[in-house]
Trainee: 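Pasting a structure below so you can have a look.
In listed order, ligands and their atoms are each counted from 1.
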Amino acid sequence: MSPDDRVYAYSAVLLGSPILLKLFDHNQTLAARVFRLIKQQEILLTVNRPHSEVMSINHAAGESPVVVSQPVFELIARARAASVLPGSLFNFTIGPLVKRWKIGFHGNSVPPLAEIQALLALTNPHHVILNDRDRSVFLQKSGMEIDLGAIAKGYIADLVRDFLRQEGVEDALINLGGNVQTLGGAADSESGSWGIGLKKPFAGPDELIGVINVRGKSVVTSGVYERYFELAGKRYHHILDPRSGYPLDNELLSVTVISADSIEGDIYTTLLYGMGVEKGLAYLAARPEIEAIFVTRDGQVISSSARQFTFTLLDEDFHQA
Ligand code: ADP
Ligand code: MG
């Protein structure tokens with residue numbers, strides 16, 4: 001390892017998550033610019049503060065269309081398209097339910113069934129009207145709320161990658177709390193690739209099921225163990241089933257997507273999470289550019305295919321199927 005191959009890690013807390021940037025140059029200024037870029041995006045997209053472009057759309061629900069910036073309009077169009085796919089459990093109008101459940105935030109509780117049903121009526125993605133002539137977004141019913149939580153980090157991870165590329169950076173990694181995007185490989189490792197840990201669900205923060213090795217790819221994991229609360233012996237996690245209004249309940253503990261773009265990874269983790277293993281594998285058979293690793297409650301680790309990555313299993317409680 002030459003002195004040039006040393007990795008420099010920079011961290012911050014943004015988007016409600018710990019953010020990690022790895023570079024092979026000591027460049028505090030560049031790191032600060034990356035964090036500023038992320039912060040600027042958070043200001044546009046967040047629904048966890050009273051004001052943002054997305055919140056201005058939510059505030060005008062049932063009243064009037066709101067004109068937004070081109071990138072925000074495009075991101076919303078993307079989220080809507082994923083939400084109206086036949087059978088999709090991705091739903092970017094899930095906001096009223098997310099707000100009510102408050103999973104991962106202070107004061108979470110299990111809402112009464114009647115309340116959940118009333119809120120479900122406000123989560124129809126077809127009720128979001130996009131007008132690309134004036135870039136306006138209209139939520140047709142009062143009380144509707146867009147939530148880009150399942151897509152924003154992926155989108156921002158790609159922006160960071162593009163920015164670093166523009167700056168001439170060849171090897172780097174950005175981790176936005178579970179959304180990892182990479183440029184090149186890790187110059188300090190023998191394999192020349194980035195090793196990204198697949199977390200062991202409900203275990204210590206450093207415990208891994210295994211390691212995913214990639215070069216210049218995105219690795220996004222969505223898991224039921226990321227944000228949840230427990231009540232009367234039951235766990236309630238943060239990915240909601242838009243059909244029932246309750247947390248998605250199936251055989252999966254996590255889904256990881258390996259792809260070129262992190263926005264795809266972010267969308268597909270939620271889509272595949274909803275499909276489960278069998279349907280998910282069938283769905284991916286026709287999409288070689290998107291690859292997934294499913295982790296099931298009974299300890300299986302199942303990959304769709306592995307052209308863009310290698311996986312090394314480390315934990316004996318799990319086995320590769
Ligand atoms: P994280 O990296 O925070 O785990 P995910 O990509 O798994 O994020 O998305 C989860 C977030 O997306 C939730 O916190 C919520 O804001 C929103 N969300 C919850 N259920 C759905 C759903 N069915 N479709 C789209 N977004 C959802
Ligand atoms: Mg997601």
Trainee: Is the terminal nitrogen or CZ of Lys39 (NZ for Lys, CZ for Arg) located under 6.0 angstrom from the six-membered ring centre of Phe35 and within 45° of that ring's axis?
Mentor: no

Trainee: Is any side-chain heavy atom of Phe318 less than 4.5 Å from a side-chain heavy atom of Leu313?
Mentor: yes

Trainee: Any donor and acceptor pair, going by atom type alone, linking the side chain of Arg80 with main-chain N or O of Val128 inside 3.5 Å?
Mentor: yes

Trainee: Please tell me whether Ser305 and Glu291 have a donor and an acceptor in their side chains that are separated by less than 3.5 angstrom.
Mentor: yes

Trainee: Whether the Ser259 and Asp261 side chains hold a donor-acceptor pair (N or O, under 3.5 Å, no angle test) is what I'd like checked.
Mentor: no

Trainee: Do you know how many protein N, O or S atoms are within a distance smaller than 2.8 Å of the Mg ion (ligand 2)?
Mentor: 3

Trainee: Group every Ile, Leu, Val, Met, Phe, Trp and Tyr by side-chain heavy-atom contacts under 4.5 Å, then state whether Val84 and Leu148 land in the same group.
Mentor: no

Trainee: Show the distances, to 0.1 Å, for all pairs joining an N/O atom of ligand 1 and a protein N/O atom that are shorter than 3.5 Å, listing one pair per line.
Mentor:
from: ligand 1; atom 1: 2 (O); to: Lys153; atom 2: NZ; distance (Å): 3.3
from: ligand 1; atom 1: 3 (O); to: Arg227; atom 2: NH2; distance (Å): 2.8
from: ligand 1; atom 1: 4 (O); to: Glu226; atom 2: OE1; distance (Å): 2.7
from: ligand 1; atom 1: 4 (O); to: His238; atom 2: NE2; distance (Å): 2.6
from: ligand 1; atom 1: 6 (O); to: Asp266; atom 2: OD1; distance (Å): 3.0
from: ligand 1; atom 1: 7 (O); to: Ser222; atom 2: OG; distance (Å): 2.4
from: ligand 1; atom 1: 12 (O); to: Ala150; atom 2: N; distance (Å): 3.3
from: ligand 1; atom 1: 14 (O); to: Arg227; atom 2: NH2; distance (Å): 3.1
from: ligand 1; atom 1: 16 (O); to: Asp147; atom 2: OD1; distance (Å): 3.2
from: ligand 1; atom 1: 16 (O); to: Asp147; atom 2: OD2; distance (Å): 2.9
from: ligand 1; atom 1: 20 (N); to: Leu240; atom 2: N; distance (Å): 3.0
from: ligand 1; atom 1: 23 (N); to: Leu89; atom 2: O; distance (Å): 2.8
from: ligand 1; atom 1: 23 (N); to: Leu240; atom 2: O; distance (Å): 2.8
from: ligand 1; atom 1: 24 (N); to: Asn91; atom 2: N; distance (Å): 2.8
from: ligand 1; atom 1: 24 (N); to: Asn91; atom 2: O; distance (Å): 3.4

Trainee: Looking at Thr93 and Thr123, would you say the former's side chain and the latter's main chain have a donor-acceptor pair under 3.5 Å?
Mentor: yes

Trainee: Starting from the C-alpha separation in whole Å, work towards a yes-or-no answer on side chain to side chain contact (heavy atoms under 4.5 Å, CB included) for Leu284 and Leu272.
Mentor: CA-CA 9 Å; Leu284 290 180; Leu272 293 168; 3.9 Å; yes

Trainee: Does the Lys NZ or Arg CZ of Arg287 fall within the cation-pi geometry relative to Tyr268 - under 6.0 Å from the ring centre and within 45° of the axis?
Mentor: no

